[in-house]
Amino acid sequence: MKVRWWVALCLFSSAAAAAEVLGPTYPVVEPDLLAWLQARLEAMQKSGEWARLMERWRDTARARLERPAPVAGVTPARKKRVFFVDPSVRISSPIRDASGRVIALPGVFNPLDRVHLHEKLLLLDGDDARQVALYLRLRRKARVKGILVKGAPLELMRRAHVRFWYDQGGRLVRRLRIRHVPALVEQAGRRLKVVEAPPEELG
């Protein structure tokens with residue numbers, strides 16, 4: 001048995017040695033990625049392509065800042081709709097503040113038990129002049145924060161000299177189950193009261 005293994009090993013070694021001399025070998029040459037990137041960057045800078053890319057990026061960023069993507073699925077309010085939203089969430093582990101103090105234990109947690117909503121929220125379409133006018137009227141009567149679901153917030157701020165916010169990504173709309181604007185949101189005990197209605201019916 002040992003002889004057979006020895007013969008097999010010799011044959012394998014001979015075949016491997018023969019394979020080594022059957023053809024020429026070549027070193028593996030791979031380009032240095034960092035050097036390639038550096039050369040590519042320098043070429044782009046010399047040709048002006050880099051400056052054009054940066055200008056295009058700035059224009060795109062400025063355009064998105066001036067007019068963010070509208071929140072999908074929100075339409076103008078045609079009739080009045082009143083409903084309530086319970087903001088409670090279920091948590092599985094304690095929530096701590098920056099100092100490490102426990103501010104919520106596992107279970108059902110309602111943030112309105114700890115934080116009071118001192119101002120109303122008006123979600124509105126900034127491209128609708130009636131809704132913008134409604135926001136300006138409501139601001140003169142009470143503390144109201146205008147949150148756009150569509151429109152150009154910076155242009156509105158320059159024109160009206162008041163601050164506007166934007167529901168980026170529609171997170172607030174989804175959380176409050178809002179389908180139509182304008183929609184006025186205010187605290188009602190441990191719930192949030194939401195009123196969707198045409199501008200003339202909200203004030």
> Quick one: side chain to side chain contact (heavy atoms under 4.5 Å, CB included) partners of Glu186, sequence neighbours excluded?
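Listed in chain order: Lys120, Lys193.
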
> Identify, with sequence neighbours excluded, every residue that meets salt bridge (charged side-chain N to carboxylate O under 4.0 Å, His left out) alongside Lys145.
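Here the qualifying residues are Glu119.
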
> Which pairs with one or both residues in residues 83-107 pass salt bridge (charged side-chain N to carboxylate O under 4.0 Å, His left out), sequence neighbours excluded?
Asp97-Arg101

> Val102: which other cluster members, linking ILVMFWY side chains closer than 4.5 Å, directly or transitively?
Leu105

> Of all residues at least two apart in sequence or in a different chain, which pass the salt bridge (charged side-chain N to carboxylate O under 4.0 Å, His left out) check with Arg179?
none

> Name all pairs fulfilling the salt bridge (charged side-chain N to carboxylate O under 4.0 Å, His left out) condition that reach into residues 43-54, sequence neighbours left out, sorted by first residue then second.
Arg40-Glu49

> Just jot down the side chain to side chain contact (heavy atoms under 4.5 Å, CB included) partners of Arg191, sequence neighbours excluded, or say none.
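Arg191 satisfies side chain to side chain contact (heavy atoms under 4.5 Å, CB included) with Phe84 only.
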
> Test of understanding: with side chain to side chain contact (heavy atoms under 4.5 Å, CB included), list the residues that count as partners of Pro111, not counting sequence neighbours.
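Partners of Pro111 by the side chain to side chain contact (heavy atoms under 4.5 Å, CB included) criterion, ordered by chain and then number, come out as Pro87, Phe109.
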
> For His118, give me all partners under ring pair (Phe, Tyr, Trp, His ring centres under 6.0 Å), at least two apart in sequence or on another chain.
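Ring pair (Phe, Tyr, Trp, His ring centres under 6.0 Å) check on His118 returns His116.
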
> Could you list all the ring pair (Phe, Tyr, Trp, His ring centres under 6.0 Å) pairs where at least one residue sits in residues 120-139, not counting sequence neighbours?
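Residue pairs passing ring pair (Phe, Tyr, Trp, His ring centres under 6.0 Å), neighbours aside: Tyr135-Phe164.
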
> Could you tell me whether the side chain of Leu122 reaches within less than 4.5 Å of the side chain of Ile147, counting heavy atoms only?
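Sidechains of Leu122 and Ile147: no contact.
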
> For Leu154, give me all partners under side chain to side chain contact (heavy atoms under 4.5 Å, CB included), at least two apart in sequence or on another chain.
Leu65, Glu66, Met157, Arg158

> Enumerate the side-chain hydrogen bond (donor to acceptor under 3.5 Å, both in side chains) contacts for residues 160-177, please, sequence neighbours excluded, ordered by first and then second residue.
none

